[in-house]
Amino acid sequence: MPKVTIVGAGNVGATAAHIIASKNLADVVLIDVAEGLPQGKALDMMHMRSVEKFTVRVTGTNDYADTRDSDIVVITAGIARKPGMTREDLLGVNAGIMKSVIGQAMEASPNAVFICVTNPLDVMTTLAFRESGLPANRLMGMGGVLDSSRLSFAVCEKLGCEPADVVAWAVGAHGEGMVCWPRFTTVDGTPITELMDEAAVAEVVQRCVKGGAEVVAHLKTGSAYYAPGASIAKMVEAILGDTHEVMSVCAHIDGQYGIEDLYMNVPVRLGKNGVEEVVEFDLNDDELAALHASADSVRAGLANLPE
């Protein structure tokens, strides 16, 4: 049975563990610095096994030795955004957490595929890449799957269509600098640019970009976790199942789209070895310019990384 470690037993990590277990994708180890937290949540999920009829095991621990030889390590550890806080505000605290986590997790599971979720996502994934020395295909971030799901939701709300009929693409920086691709976002194969006017397209794009902040504003004391948890599980399923599915992932770009040596959300093909390839869409000049501007916003964030 495959083994997935999730670092951080907060809402996002625990939700991802629940979905992974419910789909019988892998045994899951929840690890956290808080004593009792991962153990309690894991036990609660195990009590649920007879209800949801999954057969994999979920365990909780505070010791990286228990995560040894994981196939995938998902890093959700870090403080969450609070109302009025940007992802960049998180940088100093979460950088220290990421440096500590990536070293310990790699020592326990040197051959794993790593998925970073900690915000600010693009910067934290780059930091993990620099600290770990991992090959780029085995280190990625979860951001584009979540952003694309928010774009899909906005399209469904506007057009009254079903989620299964929508293919949505949100790329670039995970945050205010993200880029949506309406021309490639389709309903039953038809681009939304042919189904709604420019004002409506701009409205659904803005709802996507502000989606995370909208959730935070409602919750007041936390941030999104159901959709992020499901997005993590989606990536885990593609890797463990070697599906070769193309989705928006925070991956290392080195020449594609004219962008050099940068982690950012782009379409990639996922399989058992992680990122199999960066898939290049045929962008027009405006779309390419927007993607480059988003890349510049990531570089600005990287410039603020503590030494």
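In this text, all values refer to a predicted model and were calculated from it rather than measured experimentally.
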Salt bridge check, D296 against R299: does any charged N sit closer than 4.0 Å to a carboxylate O?
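Salt bridge between R299 and D296, a charged N being under 4.0 Å from a carboxylate O: yes.
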Residues R269, E245: salt bridge by 4.0 Å N-O rule:
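The answer is no: the pair does not qualify as a salt bridge.
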Set of residues satisfying ring pair (Phe, Tyr, Trp, His ring centres under 6.0 Å) with respect to W181, sequence neighbours excluded:
F184, F281
Whether the side chain of [X] engages the backbone of [Y] through a donor-acceptor N/O pair (distance < 3.5 Å, no angle test) should be reported.
{"X": "T59", "Y": "Q39", "answer": "no"}
{"X": "R49", "Y": "V56", "answer": "yes"}
{"X": "D242", "Y": "G271", "answer": "no"}
{"X": "T76", "Y": "V7", "answer": "yes"}
{"X": "E280", "Y": "V278", "answer": "no"}
{"X": "D122", "Y": "A173", "answer": "no"}
{"X": "D27", "Y": "K3", "answer": "no"}

Between E276 and L270, is there a side-chain heavy-atom distance shorter than 4.5 Å?
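L270 does not reach E276 side chain to side chain.
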When you look at CD of E214, are more than 12 heavy atoms from neighbouring residues, nucleotides or ligands closer to it than 6.0 Å?
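Atom CD in E214 is packed in, count exceeds 12.
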